[in-house]
Amino acid sequence: MPDVVDQVALAKLYGEPLFAMPTDLYIPPDALEVFLEAFEGPLDLLLYLIRKQNFNILDIPMAGVTRQYLVYVDEIRTRNLELAAEYLLMAAMLIEIKSRMLLPPKKSADGEEAEDPRAELVRRLLEYEQMKLASARLNEMPQLGRDVLRSQVYIEQALQPRFPDVNVVDLQEAWQDIIKRARLVQHHKITREELSVREHMSIILRKLQGRKFVEFENLFDTTRGMPVVIVTFIAMLELAKETLIEVTQAEAYAPIYVRITYQPA
C-alpha cells in the first residue's frame, strides 16, 4: 500500500479510495460525457487536454495528447456523428504531426534546421487561448439586460403648446406700426359714422374662426381710416380681457399672432 497520511484517503476515484496522487494524469473519456458538446471546437478540446494535464504548450507530448484526443473523438462519434466530423480533421492533423516527429529531422536546402512539426499547431493554440481569455474578460463586464437594466422615465407633456406672453412694449410697437399705415390712407370726406365695439368684436371673432393663428396686423382694415382702426384695437383688447382670444408670439421680437382661446372639451 502506498504512503498514506493518517490513514485518510486523499480522494475517491470511481468509489475507490485514493491514498496518493496519481503519477499518470490521464483523463478518462467518460469524464467529459456530460459536457462534450460544451466545447466550442477541436482547438477548445485540445487546449483543455493540454491545460488539464499541465503540459507545456510549447513542448506538447504528441503521443499522449493524440491518444487521449482520439479516445474523446470516439466517444463523440458514439453520441453525435455530425458533431464529430469537425473533430476528425484535427485528429488527422495530430496523427500527421506525430508521424513527422517519428521521422529523423531533415535540414533545409540552406542548411538550417527544419521547423518543428508542432509549430503551426502551437501558434493556433496560443492565438485561440488569447481570444478565449479576451472573450472571458468581456463576458465579465456588465451587460445590458443581464447585469444592468435600462431605466425609463416618462415625462407627461401638455398637448397644447405653451407660448410666451406678449410683452406690452411689443404690442405697443405693433400698434404704432398700424397707426402709421392707417395715416397713409386718409379720407377728407366728413361724415358721421357710429362705430360699435361689440360689432367689431364679432368681426374679429369671425376672422379668427376656423383658423389657428392670424397675424396681428391682418385684423386691421387700414383703408377705412383711423376711427375704424382704433375701434378694432379696442375690440381686440376687450376680447383679450374677456379671455376670448389669445395674443401670442413664438419668441421674443417675433411677429405677433392672435387666435381664439382654446376651449378644452
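Residues take their numbers from the sequence shown, with the count starting at 1.
Ring geometry for F220 versus W175: interplanar angle of 30 to 60°, hence tilted.
L126 and L94 fall within the same hydrophobic cluster, defined by Ile, Leu, Val, Met, Phe, Trp and Tyr side-chain heavy atoms under 4.5 Å apart, directly or through other members. Hydrophobic cluster membership differs between I95 and I97, with clusters built from Ile, Leu, Val, Met, Phe, Trp and Tyr side chains linked at under 4.5 angstrom. Connection of F233 to I203 is not established within any shared hydrophobic cluster, with ILVMFWY side chains joined at heavy-atom distances below 4.5 Å, either directly or through further cluster members. V247 and V197 fall within the same hydrophobic cluster, where Ile, Leu, Val, Met, Phe, Trp and Tyr residues are linked whenever their side-chain heavy atoms come under 4.5 Å apart, directly or through other members.
In this structure, CD1 on I256 lies 9.5 Å from OG1 on T248, to the nearest 0.5 angstrom. With rounding to the nearest 0.5 angstrom, the CG atom of L125 is 4.5 Å from the CG atom of L121. Between the CG atom in L171 and the CD atom in Q176 there is a gap of 10.5 Å [rounded to 0.5 Å]. Of the inter-residue distances, the one linking L70 atom CG with K98 atom NZ reads 8.0 Å to the nearest 0.5 angstrom. Atom CE of M236 sits about 4.5 Å away from atom CG of L219, to the nearest 0.5 Å. Remark: L195 CG to I230 CD1 distance equals 9.5 Å, nearest 0.5 Å.
Inter-residue side-chain proximity for I260 and L244 is flagged as unmet; no heavy-atom pair is nearer than 4.5 Å. Between Q68 and V71, every side-chain heavy-atom pair lies at or beyond the 4.5 Å cut-off. Looking only at side-chain heavy atoms (C-beta outward), Y128 and L46 stay at 4.5 Å or farther from each other.
Within the 3.5 Å criterion, the main-chain N or O of M131 finds no donor-acceptor partner in the side chain of S135. In this structure a side-chain-to-backbone donor-acceptor pair under 3.5 Å is missing from R259 to V214. Side chain of Q249 to backbone of A254: a donor-acceptor contact under 3.5 angstrom is found. Between the side chain of T222 and the backbone N or O of R181, no donor-acceptor pair lies under 3.5 Å.
Contact between E242 and R198 at its shortest, heavy atoms only, is OE2-NH2, 3.4 Å. The two atoms that bring V228 and T232 nearest to each other are O-OG1, 2.7 Å, heavy atoms only. N218 and K207 make their closest contact through O-NZ, 4.3 Å (heavy atoms, listed as atom of the first residue, atom of the second, distance). Of all heavy-atom pairs spanning V229 and A182, the tightest one is CG2-CB, 4.0 Å. In this structure, V231 and S196 approach most closely via the heavy-atom pair CG1-O, 3.9 Å.
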Item checked: Derivation and outcome, side-chain contact (heavy atoms from CB on, under 4.5 Å), residues E129 and R124 -> CA-CA 9 Å; E129 186 174 36; R124 292 176 58 185; over 6 Å; no
Note to self: For a side-chain contact (heavy atoms from CB on, under 4.5 Å) check, start with the C-alpha distance between L208 and F213, then their side-chain angles and the critical distance, and finish with the verdict.
What the structure shows: CA-CA 7 Å; L208 297 176; F213 295 96; over 6 Å; no
Item checked: Intermediate values then yes/no, side-chain contact (heavy atoms from CB on, under 4.5 Å), V258 and E246 -> CA-CA 6 Å; V258 182; E246 291 182 358; over 6 Å; no
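Looking at E120 and R123, a side-chain N of the basic residue comes within less than 4.0 Å of a carboxylate O on the acidic one, giving a salt bridge.
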